[in-house]
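Atoms considered below: every heavy atom in the structure, side chains included; atoms not considered: hydrogens, waters and symmetry mates. It should be emphasised that the depicted structure is a prediction, and the values quoted were computed from it without experimental measurement.
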Amino acid sequence: MKKLILLLLTVVLMSGCFGSKKESEGSANKVTTVSKGFVDELKKQYAGKAIIVNFFGSWCPPCIKETPDFIEAYEKYKGDDFVIVGISVDKTLEDAQKFVDEHKITYPVFHADSNLGMEMNIYTIPASFIFKPDGQLFDRVEGPLSPTQLEYIATKLK
């Protein structure tokens with residue numbers, strides 16, 4: 001009887017360990033919802049860095065297409081006073097998180113509520129706001145950013 005209890009206890013403990021591992025295989029990038037004023041907070045948080053704030057949707061083909069380029073640029077230049085922040089305009093936080101997990105996005109991603117979208121005048125996506133290291137708006141781009149544009153922003157906009 002003691003052996004049976006010990007065996008059951010071992011199975012339960014082992015299944016708990018494997019369950020934890022499975023959860024950690026997803027993205028460590030936890031998406032949270034943000035609202036009006038968030039972009040100003042980002043500029044303060046990343047003062048001294050060139051920032052791309054990219055508004056996107058998980059259902060948007062150009063957004064999906066530019067995501068690998070964003071990941072590559074972020075990974076290549078993240079230590080060089082450069083940051084990319086994605087802001088999903090999906091209807092639900094869950095849709096945004098699913099997109100982040102499926103595409104293994106490594107840069108910070110947030111979910112916008114409708115107040116933030118209105119504040120930033122988001123009427124088309126993708127839409128990217130590019131800020132100089134001093135926090136001043138350098139450009140607003142509606143449509144996807146190319147790898148060449150990303151490289152320029154990461155290397156020249158310092």
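- T92 is linked by a side-chain hydrogen bond (donor to acceptor under 3.5 Å, both in side chains) to D95, counting only residues two or more places apart in sequence or in another chain.
- Atom CD1 of I130 is separated from atom CG of L157 by 7.5 Å, given to the nearest 0.5 angstrom.
- Interatomic distance, CD1 of I52 versus CD1 of I84, reported as 5.0 Å (0.5 Å rounding).
- Between Y46 and P108 there is a side-chain heavy-atom pair separated by less than 4.5 Å.
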Identify each donor-acceptor pair in which a side-chain atom of residues 32-39 lies under 3.5 Å from a protein atom, sequence neighbours left out, and give them as a table.
residue: T33; atom: OG1; partner: H111; partner atom: ND1; Å: 3.1
residue: S35; atom: OG; partner: D113; partner atom: OD1; Å: 3.2
residue: S35; atom: OG; partner: D113; partner atom: OD2; Å: 2.7

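- Here salt bridge (charged side-chain N to carboxylate O under 4.0 Å, His left out) pairs that include residues 117-140, with residues two or more places apart or in two chains, are R140-E142.
- Evaluation of the side-chain contact (heavy atoms from CB on, under 4.5 Å) rule for Q45 yields L42 as partners, not counting sequence neighbours.
- Residues passing the salt bridge (Lys or Arg N to Asp or Glu O under 4.0 Å) test with D81: none are found, sequence neighbours excluded.
- Residue pairs meeting the ring pair (Phe, Tyr, Trp, His ring centres under 6.0 Å) criterion with at least one member in residues 113-137, sequence neighbours excluded, are F55-F129.
- Residue pairs meeting the salt bridge (charged side-chain N to carboxylate O under 4.0 Å, His left out) criterion with at least one member in residues 48-76, sequence neighbours excluded: E75-K78.
- For the atom pair NE2 of H103 and CZ of F70, the computed distance is 13.5 Å after rounding to the nearest 0.5 Å.
- Counting only heavy atoms from C-beta outward, the side chains of T155 and F82 never approach each other to under 4.5 Å.
- Taking 4.0 Å as the cut-off between side-chain N and carboxylate O, D40 and K43 count as a salt-bridged pair.
- Scored by the side-chain hydrogen bond (donor to acceptor under 3.5 Å, both in side chains) test, S128 finds N54 as partners (sequence neighbours excluded).
- Residues satisfying the side-chain contact (heavy atoms from CB on, under 4.5 Å) test with Y152, not counting sequence neighbours, are F138, K156.
- For the atom pair OH (Y77) and CD1 (I153), the distance works out to 11.5 Å, reported to the nearest 0.5 Å.
- Between N29 and T106, the shortest heavy-atom distance links the atoms ND2-C, 4.0 Å.
- The two residues A112 and L116 come nearest to each other via the heavy atoms CB-CD2, 3.9 Å.
- Legend: residues meeting side-chain contact (heavy atoms from CB on, under 4.5 Å) with P62, ordered by chain and number and at least two apart, are C60, P126, P144.
- Atom CG of D90 and atom CD of Q97 lie 11.5 Å apart (nearest 0.5 Å).
- When hydrophobic clusters are built by joining Ile, Leu, Val, Met, Phe, Trp and Tyr residues whose side-chain heavy atoms come closer than 4.5 Å, directly or via intermediates, W59 is grouped together with I64.
- A search for ring-ring contact (aromatic ring centres under 6.0 Å, His included) contacts involving F56 returns F99, not counting sequence neighbours.
- Between V85 and F110, the closest side-chain pair of non-hydrogen atoms falls below 4.5 Å.
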